[in-house]
Amino acid sequence: MTAQVILSYSIWLAFVVLCISFLLTVWRVIRGPTLPDRVVALDMLTGIVIGFIALIAIRTGFTLYIDIAISLGLVGFLATVAFARFILSRGGREGPQGETVKADMIRALAAPVPEPRRGARKKTAAGTGPAVRRKAKK
Amino acid sequence: MTDSILAILTALLVLSGAGFALVAAIGLNRLPDLYTRMHAASKAGTVGSGLLLLAVGVHAGDLSTFARALAGFFFFVLTAPISAHLLAMAAHKVGYPLYGESVRDEMKDYDKRI
C-alpha cells in the first residue's frame, strides 16, 4: 500500500465525514430555534464548504482553488458581521424559543394589505425643528 | 521518499481537519444554548477548515502555494473570533438568554458598570 493510495482513501473518508457534518449543521439551521443560532450555523456551513473546496483542490491538483476558498471565507465573515449588526438593530422582538416571531409572521400573513392614502406624507410637527429649538434655548 | 512523506502528512492533515469539522457539527447540535454553540462552531470549525487548507499547501509542495494556504489559514484564524464576538455581543445585548443552569453571567449589568 503506497502513500498515494492512503492519501486517496483518506480524502474519500474526509469527504464522507464532511458530508455528515454538513448535514448536521443544516439540521441546526432548520431547527433554530432563534435567529442567532441560525447565523452561527450558517457561519459554520461556510467553514465546511471551504473544507470541501480544499479537498477538491487536493484531488484535482488545481491550487487556484485556494484563492476561491479565501474569498469565500471573506464573504462568510462579512455576512456574519452584517447579521450581527442586523440582530443588534432589530432588537429583542423574539421570545426565547422564537414563538413570538412565528405568531408575528402568521399575523402579518393573515392581515389585509392596507391601501396607501393619497398624499399621506409624513409631516414634521410645527415648532419642533432645529431652528425653533435653538431659539427656545436663547 | 519525500513524496510519500508529504502524502502521509497530507492524509493526516485532511483526516484531522475533517474530524474537527465533525466535532464542531456535533457540538453545534448537542450544546444547550446559543453561546456554547458559538464556542463549538467558531473554534473547532475554524481549525477544521484551516487544517484542510494547510493540507492543500503541503500537498502542492510549492512555496508560493504553501504561502497562500498559510495566509488563508491565518485569515480564518483571525476573523473567526471577531465575527463570533460580534454575534455574541449583539445577541447578549438584545437579550437572548443563557442556558438555565449557567453559573454566572459576567456581562449581566455591563451597561451600568461603564
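Order of the sequence lines sets the chain letters (A, B, ...), proteins ahead of strands, with each chain counted from 1. Predicted, not measured: the structure shown is a model, and the values here were computed from it.
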Run B:Ser83 and A:Asp43 through side chain to side chain contact (heavy atoms under 4.5 Å, CB included) and show every step you take.
CA-CA 9 Å; B:Ser83 62; A:Asp43 196 26; 3.8 Å; yes
Which of the residues A:Thr63, A:Thr80, A:Leu23 is involved in the greatest number of heavy-atom pairs with chain B at under 4.5 angstrom?
A:Thr63
Looking at A:Gly73, A:Ala57, A:Ser8, which one has more heavy-atom pairs under 4.5 Å with chain B than the rest?
A:Gly73
Please determine whether residues B:Leu9 and A:Ile11 belong to a single hydrophobic cluster, defined as Ile, Leu, Val, Met, Phe, Trp and Tyr linked transitively by side-chain heavy-atom distances below 4.5 Å.
no
Exercise: identify the closest heavy-atom pair between B:Ala90 and A:Leu88
CA-CD1, 3.7 Å
Interface residue of largest heavy-atom contact number with chain A, from B:Leu51, B:Ile82, B:Asn29, under 4.5 Å:
B:Asn29
For the atom pair CD1 (A:Ile48) and OG (B:Ser49), what is the distance rounded to the nearest 0.5 Å?
9.0 Å
Other residues, nucleotides and ligands only: do more than 12 of their heavy atoms fall within 6.0 Å of CZ on B:Phe20?
no
Examine B:Met38 and B:Val47 and state if one hydrophobic cluster contains both, with Ile, Leu, Val, Met, Phe, Trp and Tyr joined whenever side-chain heavy atoms are less than 4.5 Å apart.
no
In terms of heavy-atom pairs under 4.5 Å with chain B, the winner among A:Ile58, A:Ile70, A:Leu78 is A:Ile58
Any side-chain heavy atom of B:Leu52 within less than 4.5 Å of one from A:Leu18?
yes
Residue A:Leu74 versus chain B: region with a heavy atom under 4.5 Å:
both
Side chains of A:Trp27 and B:Leu28: closer than 4.5 Å at any heavy-atom pair?
no
Following the transitive rule for hydrophobic clusters with a side-chain heavy-atom cut-off under 4.5 Å over Ile, Leu, Val, Met, Phe, Trp and Tyr, establish whether B:Phe73 and A:Ile56 coincide in one cluster.
no
Mark yes when over 12 heavy atoms from residues, nucleotides or ligands other than A:Phe83 sit less than 6.0 Å from its CZ; otherwise mark no.
no
Provide the closest heavy-atom pair for A:Met44 versus B:Ala25 in the form atom of the first, atom of the second, distance.
CE-N, 3.9 Å
Pick from B:Val56, B:Leu86, B:Leu53, B:Val23 with the largest number of heavy-atom pairs that fall under 4.5 Å of chain A
B:Val56
Heavy-atom neighbours of B:His39 NE2 exceed 12 at 6.0 Å:
no
Cluster link B:Leu31 to A:Val40, ILVMFWY, side chain under 4.5 Å:
no
If one checks every heavy atom of A:Asp37 against chain B at 4.5 Å, the contacting part turns out to be both
Any side-chain heavy-atom pair from A:Asp67 and B:Arg68 closer than 4.5 angstrom?
yes
So which atom in A:Ala69 and which in B:Phe76 form the shortest heavy-atom distance, rounded to 0.1 Å?
O-CZ, 3.7 Å
Is B:Leu87 close to A:Ile87 at the side-chain level, that is, under 4.5 Å between some pair of heavy atoms?
yes
State, yes or no, whether a side-chain contact exists between B:Leu15 and A:Leu13 at a heavy-atom distance under 4.5 Å.
yes
More than 12 non-hydrogen atoms from neighbouring residues, nucleotides or ligands closer than 6.0 Å to CG on B:Leu63, yes or no?
no
Under 4.5 Å, counting heavy-atom pairs only, tell me which of B:Leu54, B:Thr46, B:Leu22 racks up the most with chain A.
B:Leu22
Can you tell me how far OG of A:Ser71 sits from CZ of B:Phe75, rounded to the nearest 0.5 angstrom?
9.5 Å
Cluster overlap B:Tyr35 with B:Val94, hydrophobic side-chain contacts below 4.5 Å:
yes
Separation of A:Arg28 CZ from B:Ile26 CD1 (nearest 0.5 Å)
13.0 Å
Any non-hydrogen side-chain atom of B:His59 less than 4.5 Å from a side-chain atom of A:Leu7?
yes
